[in-house]
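First the structure, in the form of structure tokens, and then the observations on it.
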Amino acid sequence: MWKTPVLIVNFKLYKSGVGEKALELARILDKVSKERGVSIIAAVNTFDAYRIKNEVKIPVILQHADAVEFGAHTGRINVELAREYNLDGLLINHSERMLKISDIDFLIQKSKDLNMVSVVCANNSRVAGALAFLEPDFIAMEPPELIGGNVSVSTAKPEAIVETIEAVKSVRNIPVLVGAGIKNGKDVRKAIELGAEGVLVASGVVKAKDPEMALNDLIGGMM
Ligand SMILES: O=C[C@H](O)COP(=O)(O)O
């Protein structure tokens with residue numbers, strides 16, 4: 001399991017987060033993680049995952065996997081295959097790739113069986129509390145309307161962070177991450193002060209002119 005606080009960078013399908021650019025970005029994450037002694041995790045697309053995993057030391061996770069076993073499934077990817085390629089874990093149920101509850105349960109349990117880390121996303125505190133019963137390794141709460149914007153969850157919805165932590169911890173002691181609109185160290189610090197054990201960030205790093213500078217700024221809020 002990763003040392004908290006953690007910074008997960010979701011490369012999404014941004015042009016600056018795929019192919020050669022993804023590898024370049026993953027190397028920057030790796031360098032900054034080593035220099036600053038902070039847990040940084042790369043959440044990458046399936047095409048790039050294997051190559052990136054072989055080039056960096058930081059954990060590399062998939063942005064999504066399907067709740068299927070090996071077999072007659074076309075255009076799908078399962079947790080076992082991610083394990084065979086030495087990936088470290090999965091994002092599950094991101095707002096941009098929502099799943100039904102039985103699939104979320106399947107993916108969490110399969111990750112446990114294969115010693116992979118599960119990071120399950122929730123769009124609000126109630127869903128986060130409900131998902132805690134499924135015992136993922138991390139729960140990441142992100143209000144969908146703030147994703148990709150310039151106003152962070154820490155600024156716009158501090159109460160949602162507090163409510164999420166209360167809802168999750170009343171069920172089980174699972175670390176809570178928050179995300180959406182987080183762009184700088186101030187946003188991160190506020191989230192951590194409210195009780196979050198890390199953040200999930202995408203555009204603030206992946207679309208930044210200088211991702212290394214952006215990462216260092218974000219990390220400043222974790223110290
Ligand atoms: O997975 C990451 C989140 O959806 C946050 O995205 P964002 O940092 O661009 O708001």
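When a ligand or atom number is given, it counts from 1 through the structure's own listing order. Numbering of residues begins at 1 and proceeds along the displayed sequence.
- Val32 has its side chain within reach of Glu212: a pair of non-hydrogen atoms, C-beta onward, lies under 4.5 Å apart.
- Looking at ligand 1, you won't find any N or O of Leu91 less than 3.5 Å from one of its N or O atoms.
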Step-by-step salt bridge (Lys or Arg N to Asp or Glu O under 4.0 Å) determination, Glu145 to Lys157:
CA-CA 11 Å; Glu145 69 279 11; Lys157 292 199 154 183; 2.9 Å; yes

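- A salt bridge is defined here as a Lys NZ or Arg NE, NH1 or NH2 lying under 4.0 Å from an Asp or Glu carboxylate O, and Arg126 with Glu163 fails to meet this definition.
- Looking at His94 next to ligand 1, an N or O pair under 3.5 Å apart turns up.
- In this structure, atom 5 (C) of ligand 1 lies nearest to the protein heavy atom Glu142 OE2, 3.2 Å.
- Ring-plane geometry between Tyr85 and Tyr50 is classed as perpendicular, the angle between the planes exceeding 60 degrees on a 0 to 90 degree scale with a lower cut at 30.
- Checked by distance only, ligand 1 and Asn10 come closer than 3.5 Å through their nitrogen or oxygen atoms.
- Considering only non-hydrogen protein atoms, atom 8 (O) of ligand 1 sits nearest to Ala202 N, 2.9 Å.
- A side-chain contact (heavy atoms from CB on, under 4.5 Å) with Leu177 is found for one member of Val119, Thr4, Leu7 and no other, namely Val119.
- Using a 4.5 Å cut-off on side-chain heavy atoms (C-beta onward), His94 and Ile147 make contact.
- For atom 9 (O) of ligand 1, the closest non-hydrogen atom of the protein is Ser203 OG, 2.5 Å.
- Taking a cut-off of under 4.0 Å to the non-hydrogen atoms of Val201, the atoms of ligand 1 that pass are 8 (O).
- Only side-chain heavy atoms of Lys12 come within less than 4.0 Å of ligand 1; its backbone N, CA, C and O stay farther off.
- Here is the list of ligand 1 atoms found below 4.0 Å of a heavy atom in Gly148: 7 (P), 9 (O), 10 (O).
- No N or O atom of Gly179 sits closer than 3.5 Å to an N or O atom of ligand 1.
- Against a heavy-atom cut-off of under 4.0 Å, Ile147 is close to the following atoms of ligand 1: 4 (O), 6 (O), 10 (O).
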Begin with the C-alpha distance, continue with both residues' side-chain angles, and end with the deciding distance and a verdict on salt bridge (Lys or Arg N to Asp or Glu O under 4.0 Å) for Lys169 and Glu197.
CA-CA 12 Å; Lys169 303 287 180 182; Glu197 290 174 67; 3.0 Å; yes

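- Among the atoms of Ala180, none of the N or O lies under 3.5 angstrom from an N or O of ligand 1.
- Ionic pairing of Lys186 and Asp217 is not present here: no N-O contact between side-chain nitrogen and carboxylate oxygen is shorter than 4.0 angstrom.
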